[in-house]
Amino acid sequence: MNSNKKAAKIVGVLFIMAAVTAVIAVILYRPILNTPDYLIQGSSHADKVIWGVVMELILVVSAVGTATTMFPFLKKYNETIALWHLAFRFLEAVIITVGIISVLSLLTLSREYVAAGAQNIDSFQASGILLKAVHDWTFLLGPNFMLGINTLMYSYIFFKSKLVPRFIPILGITGAVLVFIAALLEMFGVIQQVSVWGGILALPVAANEMILAVWLIAKGFNESALASMSEKKKATNVITILNKVES
């Protein structure tokens with residue numbers, strides 16, 4: 001039981017780390033991603049940009065950590081869905097990492113632009129637009145599209161297994177659907193990627209992660225639900241073995 005509670009606390013802390021570092025990274029990236037003269041501002045605020053990269057790397061580690069730490073608990077109910085969650089969470093982390101590489105490449109471009117004395121500005125701007133576009137698409141596909149899918153996976157298992165109170169996975173399922181819809185609307189240009197509507201649609205999934213994190217730190221997983229799933233798993237394994245023997 002102690003190991004289960006320890007694992008639950010780790011998951012909760014990792015969810016909070018992921019949320020906090022994601023917000024800090026967005027703020028630190030502003031000079032190189034959200035200013036008209038980003039080719040100059042990026043080089044001038046290089047340390048700030050690098051710290052933003054560090055924050056996102058912590059985000060990647062946290063995302064992988066939540067997936068791997070939750071997997072042993074999720075698979076007790078349904079191993080296939082647990083594997084789906086693990087895979088889509090890893091895909092989210094990989095896509096975010098591609099976005100990090102695009103920011104670092106943009107920083108290098110900014111430094112080269114300043115060193116060149118603003119010569120060949122058209123070629124630098126063309127490269128900058130491309131790198132910013134890569135980051136924008138990774139931001140859409142990772143923390144929106146893939147996040148919606150993997151949140152739906154673990155929230156479904158939490159709802160069915162009662163590992164946590166059902167109001168939490170209900171919020172998670174709702175948030176997952178809304179952030180997935182937001183990703184599609186942004187992809188087709190119906191709403192802007194950074195907009196009021198985008199923020200509203202992403203709010204429930206963010207609230208779900210924070211409420212879930214606090215619950216896991218304070219209470220952990222439902223031990224009776226874990227025991228029940230373990231017994232069902234054992235019974236299923238016995239039946240499988242008997243069927244193999246009979247055949």
Side-chain angles (χ1 to χ4, degrees), residues 7-23 25-26 55-100 136-187 193 198-199 201-217 221 225 229:
K9 288 181 185 295
I10 291 172
V11 173
V13 170
L14 289 174
F15 266 123
I16 292 174
M17 283 177 57
V20 172
T21 53
V23 172
V26 169
M55 291 298 104
E56 278 212 300
L57 288 172
I58 296 174
L59 164 61
V60 169
V61 173
S62 300
V64 174
T66 57
T68 52
T69 308
M70 284 201 296
F71 178 73
F73 299 96
L74 299 179
K75 77 173 185 177
K76 289 178 183 292
Y77 179 80
N78 189 306
E79 188 168 354
T80 300
I81 298 178
L83 283 170
W84 288 351
H85 167 258
L86 190 67
F88 284 113
R89 191 66 163 168
F90 266 80
L91 278 174
E92 179 189 349
V94 169
I95 292 170
I96 292 172
T97 302
V98 174
I100 293 171
D136 289 345
W137 282 112
T138 57
F139 190 77
L140 170 64
L141 295 175
N144 285 276
F145 194 86
M146 294 300 173
L147 174 64
I149 296 175
N150 65 57
T151 300
L152 185 63
M153 298 295 101
Y154 76 71
S155 295
Y156 171 79
I157 292 181
F158 282 165
F159 179 81
K160 298 293 289 185
S161 64
K162 300 179 182 178
L163 282 172
V164 295
R166 279 188 161 174
F167 77 89
I168 298 177
I170 288 174
L171 179 60
I173 292 170
T174 303
V177 172
L178 289 177
V179 79
F180 186 81
I181 291 173
L184 291 177
L185 292 176
E186 291 164 8
M187 195 177 296
Q193 192 167 0
L201 292 172
L203 186 59
V205 76
N208 165 71
E209 289 189 352
M210 292 303 94
I211 293 171
L212 175 61
V214 171
W215 181 271
L216 291 176
I217 293 171
F221 293 113
M229 286 191 295

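Just so it is clear, the model here is predicted, and its values are computed rather than measured.
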Cut-off 3.5 Å, no hydrogens considered: what does the side-chain donor-acceptor table look like for residues 178-186, sequence neighbours left out?
none

If you take all heavy atoms of Phe15 and Thr66, which pair is closest and at what distance?
-> N-CG2, 3.9 Å

Drop me the distance from Asn78's CG to His85's NE2, to the nearest 0.5 angstrom.
-> 13.0 Å

Quick one: NZ on Lys9 to OG1 on Thr69, what's the gap to the nearest 0.5 Å?
-> 14.5 Å

Determine all donor-acceptor pairs shorter than 3.5 Å in which one atom belongs to a side chain in residues 55-65; sequence neighbours excluded.
from: Glu56; atom 1: OE1; to: Tyr29; atom 2: OH; distance (Å): 3.0
from: Ser62; atom 1: OG; to: Ile58; atom 2: O; distance (Å): 2.8

For Met187, the side-chain contact (heavy atoms from CB on, under 4.5 Å) test, sequence neighbours excluded, returns Trp137, Leu140, Leu141, Phe145

Are any non-hydrogen side-chain atoms of Phe88 and Leu91 less than 4.5 angstrom apart?
-> yes

Could you give the side-chain donor-acceptor pairs of residues 146-158 under 3.5 Å, partners two or more places apart or in another chain?
from: Asn150; atom 1: ND2; to: Glu92; atom 2: OE1; distance (Å): 2.9
from: Asn150; atom 1: ND2; to: Met146; atom 2: O; distance (Å): 2.9
from: Thr151; atom 1: OG1; to: Leu147; atom 2: O; distance (Å): 2.7
from: Tyr154; atom 1: OH; to: Asn208; atom 2: ND2; distance (Å): 3.1
from: Ser155; atom 1: OG; to: Thr151; atom 2: O; distance (Å): 2.8

Review item, side-chain donor-acceptor pairs of residues 162-171, under 3.5 Å, at least two apart:
from: Arg166; atom 1: NE; to: Phe159; atom 2: O; distance (Å): 2.8
from: Arg166; atom 1: NH2; to: Phe159; atom 2: O; distance (Å): 3.2

Rounded to the nearest 0.5 Å, how far apart are CD1 of Ile81 and NZ of Lys160?
-> 9.5 Å

Is the closest side-chain heavy-atom distance between Ile96 and Thr138 below 4.5 Å?
-> no

Locate the shortest heavy-atom distance separating Met229 from Phe73; write the atom from each residue and the value.
-> CE-O, 4.1 Å

Name all residues meeting the side-chain contact (heavy atoms from CB on, under 4.5 Å) criterion together with Val214; count only those two or more places apart in sequence or in a different chain, and write none if there are none.
-> none

Crowded around Phe221 CZ? As in, over 12 foreign heavy atoms under 6.0 Å?
-> yes

Is any side-chain heavy atom of Ile217 less than 4.5 Å from a side-chain heavy atom of Val13?
-> yes

